[in-house]
Amino acid sequence: MKESLIQARLEKLKGLREKGIDPYPARFSRSHTIGEVSAHFSFLKEGEQSGEQVTVAGRLVALRRMGRASFLDLRDGSGKIQVHASAGRLGEERYQELCSSDIGDFIGVRGDVFRTKMGELTVEVAEWSLLSKALRPLPEKWHGLKDIELRYRHRSLDLVANQAVREAFVRRSRMVSAMHRFLDARGFLEVETPMMQPIAGGATARPFVTHHNALDIDLYLRVAPELYLKRLVIGGLERVYELGKSFRNEGVSTEHNPEFTILEIYEAYSDYEGMMSLVEELVVTSAQAAVGSTRITYQENEIDLSPPWQRIGLVQAVEEATGLSLDGVTESDIRKQARKKGIELPEFSHGKLIEHLFERFVEPGLIQPTIVKDYPMDISPLAKRKQGTEGLVERFELFIGGVEIANAFTELNDPIDQRARFEDQERLREAGDDEAQRMDEDFLFALEHGMPPTGGIGIGIDRLAMLFTDSPSIRDVILFPTLRAREVRR
RNA sequence: GGGUCGUUAGCUCAAUUGGCAGAGCAACGGACUCUUAAUCCGUCGGUUGCAGGUUCGAGUCCUGCACGACCCA
């Protein structure tokens, strides 16, 4: 029974306290991290003594007792090292105390560095101290923690037990910091805009609602930072970005988590063509930082991220994939053609139909990086009309590995057109589309004072992290994915 | 929301047709001064996710529920 495992450790804890040993001391000074010791003493040959002492600390992850001498493995954030302890060196009592440590305890040791006859770099313990007593056993040392529900609910254990998980989150962090450096170096200003908004705008999605007690108003968790970032461009902050959480009140899947991380970038005097080049460079730079290469493997597919990426028109791509002819054709024409080909279509409006056909027939095949451009206007209420076309806007989405990674526009800066687009969205809402965007008078007020020609892009950070870590599920790149609440384990 | 699959010891997994719930690791006790998944001997550890039902007998079959995974919308 688990209680007895904990009980045994509580007994040990009591025994330590009775001996005057603090099982949770406040601090411990180490001379080196374990990684530093490994690097510094790499020259030692088999059986060779360095004659130098180090003080290291870490979690006890293995204990191999052989009577009056033992080998222990300690792990810290930089690596793992073997420690040798003997009763002869430590004295009987301290040796026995060390050997009665449990896997999972944090321990600090001081001692000489040497290499064993078998070639393992080892610290010979001259002195040691307990730094933190673990009361619960760690997951099994060899198989680790596999139960996917336990891994998500108890990520700390997942990280302790599974090295690949630690590495994935390190990669994600490297990717994000490379993005900051990239944008900072190009003169983009990092800003923070409200996550709680009176109107959740900037994307087609259902929001979470919350309530501010003192003001007695409902606020929405943002579905995108877009409309606030554009206000900044209007105000003269010509290059801005925000990298942070947004929230969409939708189902959970391998590609969706209710809270997710998005990078939005706005650049005055750029446009969607400019954003295409920007995202190519940004993805290459962050791939180099995270993976060390622009060639990656994602779910058995070899992907070459080096630019230039293929650029295709949305409508043409759908026409080629389906054999339908869509250019300048009405919704009922599309339905008529589809029926002839035996393609069933849901009750969507014109733009949504094309998007639906795209998602069904084109998107899964977009393994190599592909920019899909020129979207129907009715599903893109914040993007500028494309000159010389009927009902298309300057918008593109980026697909890699069959997954949507980014969405970008030449931003709509005509306030009269923007108002008309919001009105269209309101009509859709009244017709029952609860994902339709809201009329945002405050945003229009700002826009009516003039926004320069601007390009903007939103990049799904979690999705990109999936690609860079070869993860099949978004939950593998989110430290604490959203799960249904469950009774706390005792 | 629908479909399929899963839930057995702290962890990783077994259990034949419905017939005594098991192993490895961990824990506990013992032997062992170059091990590294240490080894060897012994011991402990179970409300088989929860609630019902069928049956002489249920981990196994049936119903409902909870949680999760995958697919679809």
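Chain identifiers are assigned alphabetically (A, B, ...) following the order of the sequence lines, protein sequences preceding nucleic acid strands; residue numbering begins at 1 within each chain.
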Can you tell me if the side-chain N/O atoms of Arg153(A) get under 4.0 Å from OP1 or OP2 in G68(B)?
yes
Starting from the 5' end of RNA chain B, give me the residue, His356(A) or Lys12(A), whose nearest nucleotide shows up first.
Lys12(A)
What's the closest nucleotide to the side chain of Pro137(A) if the choices are A26(B), C67(B), A27(B)?
A26(B)
Can you check the distance between A23(B) and A9(B), where both ends of the measurement are the P atom (answer in whole Å)?
14 Å
When both hydrogen-bonding distances must be under 3.5 Å and the geometry is Watson-Crick or G-U wobble, what is A9(B) paired with, if anything?
none
Show me the donor-acceptor pairs within less than 3.5 Å that the side chains of residues 351-362 of chain A make with the rest of the protein, sequence neighbours left out.
from: His356(A); atom 1: NE2; to: Arg360(A); atom 2: NH1; distance (Å): 3.3
from: Arg360(A); atom 1: NH1; to: Glu344(A); atom 2: O; distance (Å): 2.8

Looking only at U36(B), C70(B), C13(B), the nucleotide nearest the Lys146(A) side chain is C13(B)
Closest to the Arg65(A) side chain, choosing from A69(B), C32(B), U35(B):
C32(B)
Rounded to the Å, how far apart are Glu359(A) CD and C72(B) C1'?
14 Å
Go through A27(B), G10(B), C11(B) for me and flag the one nearest to the Leu145(A) side chain.
C11(B)
Nearest atoms (heavy-atom pairs only) where Arg155(A) meets Pro481(A):
NH2-CD, 3.9 Å
I'd like to know if Arg206(A) and Asp434(A) make a salt bridge, using a cut-off of under 4.0 Å between side-chain N and carboxylate O.
yes
Just say parallel, tilted or perpendicular for the rings of Phe247(A) and Phe208(A), cut-offs at 30° and 60°.
perpendicular
In whole Å, I'd like the distance from the OH atom of Tyr152(A) to the P atom of G68(B).
12 Å
I'd like to know if the side chain of Glu259(A) pairs up with that of Thr482(A) as donor and acceptor (distance under 3.5 Å, no hydrogens or angles considered).
no
Applying a 4.0 Å non-hydrogen cut-off, can you work out what Gly47(A) is touching in the nucleic acid: base, sugar-phosphate, or nothing?
nothing
Any N/O donor-acceptor pair, Gln82(A) side-chain to U35(B) base, under 3.5 Å:
yes
Could you tell me how far A15(B) sits from G59(B) if I compare only their C1' atoms? Round to whole Å.
8 Å
Distance below 4.0 Å between Arg475(A) side-chain N/O and C70(B) OP1 or OP2
yes
State the pairing partner of U63(B); accept Watson-Crick or G-U wobble contacts with both distances under 3.5 Å, and report none otherwise.
A51(B)
If pairing requires Watson-Crick or G-U wobble contacts with both distances under 3.5 Å, which nucleotide is the partner of U4(B)?
A69(B)
Rounded C1' spacing from G42(B) to C61(B) in Å
40 Å
Out of A69(B), C70(B), A38(B), minimum distance to the side chain of Ala62(A) belongs to A38(B)
Can you tell me the pairing partner of G19(B) across any strand shown, Watson-Crick or G-U wobble, with both distances under 3.5 angstrom?
C56(B)
Check the distance between A26(B)'s P and Asp105(A)'s CG and give it to me in whole angstrom.
15 Å
Determine: side-chain N/O of Lys141(A) to OP1/OP2 of U12(B), distance under 4.0 Å, yes or no.
no
Write down the distance separating the P atoms in G46(B) and G10(B), rounded off to the nearest Å.
8 Å
Using the C1' atoms only, state how far A27(B) lies from U54(B), rounded to an integer number of Å.
40 Å
Take atom P in U7(B) and the same atom in U16(B), then report the distance between them in whole Å.
13 Å
Looking at U36(B), C70(B), G10(B), which one has an atom nearest to any side-chain atom of Thr254(A)?
C70(B)
Taking atom C1' in both C11(B) and A37(B), what distance in whole Å separates the two?
14 Å
Measure from the side-chain heavy atoms of Leu5(A) and tell me the nearest of U35(B), U12(B), G10(B).
G10(B)
Starting at CG of Asp102(A) and ending at C1' of C11(B), how long is that distance when rounded to a whole Å?
15 Å
In whole angstrom, what separates Trp142(A)'s CH2 from U12(B)'s C1'?
13 Å
Given C34(B), C25(B), C70(B), which nucleotide is nearest the side-chain atoms of Ser473(A)?
C70(B)
Any Arg484(A) side-chain nitrogen or oxygen under 4.0 Å from OP1 or OP2 of C67(B):
yes
Should we count CG of Asp218(A) as having more than 12 external heavy atoms under 6.0 Å?
yes
Let me spell it out: for each of Phe114(A) and Gly144(A), pick the nucleotide of RNA chain B with the closest heavy atom. Which residue's pick is nearer the 5' end?
Gly144(A)
For residues 390-398 of chain A, please give each side-chain donor-acceptor pair under 3.5 Å, one per line with the distance, not counting sequence neighbours.
from: Glu394(A); atom 1: OE1; to: Thr410(A); atom 2: OG1; distance (Å): 2.6
from: Arg395(A); atom 1: NE; to: Asn407(A); atom 2: OD1; distance (Å): 2.9
from: Arg395(A); atom 1: NH1; to: Ile379(A); atom 2: O; distance (Å): 3.1
from: Arg395(A); atom 1: NH1; to: Ser380(A); atom 2: OG; distance (Å): 2.8
from: Arg395(A); atom 1: NH2; to: Glu397(A); atom 2: OE2; distance (Å): 2.9
from: Glu397(A); atom 1: OE1; to: Tyr375(A); atom 2: OH; distance (Å): 3.1

On the side chain of Thr116(A), is there an atom forming a donor-acceptor pair with the base of U35(B) - under 3.5 Å, no angle test?
yes
Distance, C1' atom - from C20(B) to U60(B), rounded to whole angstrom
15 Å
Quick check: do Pro376(A) and Leu314(A) have side-chain heavy atoms less than 4.5 Å from each other?
yes
Which nucleotide in the list C34(B), A69(B), C25(B) gets nearest to the side chain of Phe71(A)?
C34(B)
In the strands shown, is A37(B) matched to any nucleotide by a Watson-Crick or G-U wobble pair with both distances under 3.5 Å, and which?
none
Check whether any side-chain N or O of Arg64(A) sits under 4.0 Å from OP1 or OP2 of A38(B), and answer yes or no.
yes
